[in-house]
Structures are given as structure tokens and as C-alpha cells.
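Step one of this worksheet: look at the structure below.
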Amino acid sequence: MGNGTSIGKVRGLGSAHEGAHHWWHQRLTAGANLILTLWFVLSIALLPAYDFETARHWIAQTQVAVPLILLVLTTFYHFRLGLQVVIEDYQHDETHIVLMVLLNFFTLAAGTTAIFSILKIAFTAGAAL
Amino acid sequence: MANVRNEARPLSPHLSIWKWGPSMAVSITHRVTGSGMATVGTILFVWWLVALASGPAAYAAFLDLFTVKSGALNIAGYVFGIGLTLSFFQHMSSGIRHLFLDQGANFELKANKTTATLTYVAAVLLTAAFWAYIIWGKTNG
């Protein structure tokens, strides 16, 4: 039953023995998202211009590329958890399973593409295209 | 399976029977804005990154969808730009309120209703400030 803290009391309970992890990860990523997305929105607002070179050189910096990759990881995991709840609330039976598979594919494909693009920009921004 | 229901049994009171208030509105708005950013927002964000990684032509094609020749936003630029930033600030305000609710706080009727309304006020003000800075802040500074 844990040592008396409220999270300790529910950990490991329920038929799957892990019912709280979805809820907890949603909150954990929410906290990370709050910092990372505010940084992103403020940085976009403060960019001097939005042309190709300016945007590329902004992302190519280590202190931008790394938090941007972290942002992709936390926001994409957060929306995957969130859309799971939406699917579970409105879709049942086979549709539920199909949509969950599609959601997992979409999240991983989009996330991998985003991170690859950030790395490609960071590693090639100085080089001729 | 899960859908099989005895038609003779009454349903529990649902959306149609309750009087709408700010708390219910914020709850469904949180879901709508989250789902919108997860789908439309994700596709545009990834597209922007891929275009930047691909080269000037791909990036020009991306910008061309949302801007006129002078570089200012066109209708689509404003619809997606304001839609996504308003969704972001609304989801963020509502999410912060949710973290307090998770602690068991802010369930008193009046405070709960007030903070629900405040998430809309905050979202509109922050979105207005963001676009005011983008459109007018730079030309003067």
C-alpha cells in the first residue's frame, strides 16, 4: 500500500497494476510543455524575421535545437496520451483499436520526422545545400 | 460488447439535461483545443521543420500558402495563426487551472466558475498581445 502518500496508495492497484501512470505522465509532460512551449512561442515572437535563413540559423544553435527536440518529445507524448482519452471516450470495439493503432503510428512518424528535420538543420545549416 | 445496453434502463443525466456554465465550456474547450493542436498544429509544425530542412524552395512553398507577396499574412495565415495561438493559450490557461483542480483545490462553486471564465480572458489577452507584437511591435522597434 505504500508509505501513506496519496500516490503510494494507488500505485500498483487495479487489474493492470499500473492505472495511475497514464494520469501521471499526462501531468509530467504538462509541466514540461508549459516551460518548453512558452519558450518556443516567445522565441518565435522575438525572431527578427521569418525568412529561410533567419529561421534556419535560429534552429541550428545548440541551445535552440536541444530544447526544440525536447519540446517534440514532451508535446507529442502529451498529445498521444490526450488523444487516447478522446478515442476511448467516443469510439468502442474495433474502431477503438484501429484508431489507437493509427494514433501510435501518427505520433511516432510525425515525431521522428520532426526530430530528424531539426537534426538535419542543426548539422547542415553552415554547409551549402 | 461495450455498446450492448438494456434499452429499458434509464440513462444517467447527460449533457442535454444540465444548464451550461463556464466550467463545462472550459472542459470541452480544453479537449477541442488539445485535439486541434494535436492534429492541425502537429501537421503544420512538422511541415515547417521539413521545409526548413529541405531548402529555400520548399520553405518558400510553405510560406506562400500563408502569406501574400509583401510577406504579410493572407486569410489562411490569419485563420491558422490566430486559431493555433488562441488554442495554445486557452489550452495552457485551462491546463494550469487543471493542475490546481488535481490538488483538490478550487472546487468551490464561485471560485471554480470565476477561474473557468478567467482562462478565456487570459487566452484572448495573451493571443492579442502575441499578434500585436508580431504585427506592430517590430516595425516601431
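Note on naming: letters A, B, ... go to the chains in the order of the sequence lines (proteins, then strands), and numbering restarts at 1 for each one. Heavy atoms only: backbone and side chains are in, while hydrogens, waters and symmetry mates are out. Computed from a prediction, not measured in an experiment: that's the story for all the values here.
- Highest contact tally toward chain B, considering only A:L34, A:I44, A:L83, A:V41, is held by A:V41 [criterion: heavy-atom pairs under 4.5 Å].
- Interface remark: A:T75 contributes no atoms to any contact with chain B (heavy atom separation under 4.5 Å).
- For B:F100, the CZ atom sits in a loose shell: 12 or fewer heavy atoms of surrounding residues, nucleotides or ligands are nearer than 6.0 Å.
- Using modelled atom types, one finds no donor on one side chain facing an acceptor on the other under 3.5 Å when comparing B:T119 with B:R97.
- Using a 4.5 Å cut-off between heavy atoms, B:A60 does not touch chain A at all.
- Every residue meeting the side-chain contact (heavy atoms from CB on, under 4.5 Å) condition with B:V124, not counting sequence neighbours, appears here in chain and number order: B:L86.
- Interface remark: B:W131 contributes no atoms to any contact with chain A (heavy atom separation under 4.5 Å).
- At a 4.5 Å heavy-atom cutoff, the contact between A:D51 and chain B is made by backbone atoms alone.
- In A:F105, the CZ atom is not crowded: 12 or fewer heavy atoms of neighbouring residues, nucleotides or ligands sit closer than 6.0 Å.
- For A:F116, no part lies near chain B; criterion is any non-hydrogen pair under 4.5 Å.
- Remark: side-chain polar atoms of B:S27 are not paired, donor with acceptor, to backbone N or O of B:S23 under 3.5 angstrom.
- Residue contact with chain B, scored on non-hydrogen atoms closer than 4.5 Å, involves the backbone and the side chain of A:L46 alike.
- Between the side chain of A:T29 and the main chain of A:Q26, a donor-acceptor pair closer than 3.5 Å is present.
- Interface residue A:L71: only side-chain heavy atoms are found under 4.5 Å from chain B.
- Looking at A:L119, there are no atoms closer than 4.5 Å to chain B (heavy atoms on both sides), in backbone or side chain.
- With a 4.5 angstrom heavy-atom cutoff, B:F89 touches chain A only via side-chain atoms.
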Inset, instruction - Verify side chain to side chain donor-acceptor pair (under 3.5 Å) between B:N106 and B:T115, making sure each step is shown before the conclusion. - result: CA-CA 8 Å; B:N106 195 39; B:T115 51; 2.9 Å; yes

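- Each of B:I43, B:L49, B:T42, B:L44 was scored for a side-chain contact (heavy atoms from CB on, under 4.5 Å) with B:V46, with one residue passing: B:T42.
- Both the backbone and the side chain of B:L52 come within less than 4.5 Å of a heavy atom of chain A.
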